[in-house]
Asker: 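Before we start, here is the structure in question, set down as structure tokens.
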Amino acid sequence: MRSETLSAPAGGTAPGDGLVRAGAIVFIIGAVATLVTVAPLFLGTDPFPPVAYAVCMLMGVGFLIAGAGVLRSIAAQRRQARTVSAQGR
């Protein structure tokens with residue numbers, strides 16, 4: 001295998017970058033929701049309704065979306081590496 005790093009496509013974004021960005025945004029929304037729903041436990045106020053706790057699950061969903069983007073990027077890089085190595089033969 002070559003130790004060279006393959007460059008990104010001419011557009012500046014590689015496959016999967018959009019999924020990683022979207023996953024990060026969804027994860028941050030879930031993290032903020034988690035902080036908001038846990039705050040009443042420390043402040044001694046009434047807890048939020050169960051729907052608020054369901055929004056906290058967005059942390060996991062965002063993590064999965066970002067992971068899918070990373071895997072898509074890996075697959076595209078491997079395809080590109082195979083193409084380059086096949087042309088070099």
Side-chain angles (χ1 to χ4, degrees):
M1 257 178 116
R2 297 177 189 229
S3 61
E4 300 169 359
T5 303
L6 300 174
S7 61
T13 59
D17 284 354
L19 283 174
V20 172
R21 286 188 189 115
I25 292 168
V26 172
F27 181 87
I28 289 170
I29 292 170
V32 170
T34 300
L35 291 174
V36 169
T37 54
V38 171
L41 298 174
F42 295 111
L43 299 175
T45 59
D46 292 332
F48 288 102
V51 175
Y53 292 98
V55 176
C56 297
M57 298 300 161
L58 288 177
M59 281 179 69
V61 172
F63 188 76
L64 289 174
I65 293 171
V70 169
L71 292 175
R72 185 173 179 196
S73 177
I74 290 169
Q77 288 178 7
R78 291 183 82 182
R79 280 192 301 271
Q80 185 180 13
R82 280 193 207 122
T83 304
V84 169
S85 67
Q87 290 174 353
R89 290 183 184 177

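None of the values given here were measured: they were computed from a predicted structure.
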Asker: Distance-only criterion, 3.5 Å: show the donor-acceptor pairs between side-chain atoms of residues 30-53 and protein atoms not counting sequence neighbours.
Answerer:
residue: Thr34; atom: OG1; partner: Gly30; partner atom: O; Å: 2.8
residue: Thr37; atom: OG1; partner: Ala33; partner atom: O; Å: 3.0
residue: Thr37; atom: OG1; partner: Thr34; partner atom: O; Å: 3.0

Asker: Sequence neighbours excluded, which residues qualify as side-chain contact (heavy atoms from CB on, under 4.5 Å) partners of Ala75?
Answerer: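 Only Arg79 meet the side-chain contact (heavy atoms from CB on, under 4.5 Å) criterion with Ala75.
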Asker: Each residue besides Leu19 in its hydrophobic cluster should be listed here, by chain and number; the cluster joins Ile, Leu, Val, Met, Phe, Trp and Tyr at side-chain heavy-atom distances under 4.5 Å.
Answerer: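 Taking Ile, Leu, Val, Met, Phe, Trp and Tyr as members, Leu19 shares its hydrophobic cluster with Ile25, Val26, Ile29, Val55, Leu58, Val61, Ile65.
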Asker: Taking side chain as C-beta onward, heavy atoms only, is Arg21 less than 4.5 Å from Thr13?
Answerer: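 Yes - at least one pair of side-chain heavy atoms lies under 4.5 Å apart.
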Asker: Do Ile74 and Val20 belong together in a cluster built from hydrophobic side chains that touch within less than 4.5 Å?
Answerer: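 Ile74 clusters together with Val20.
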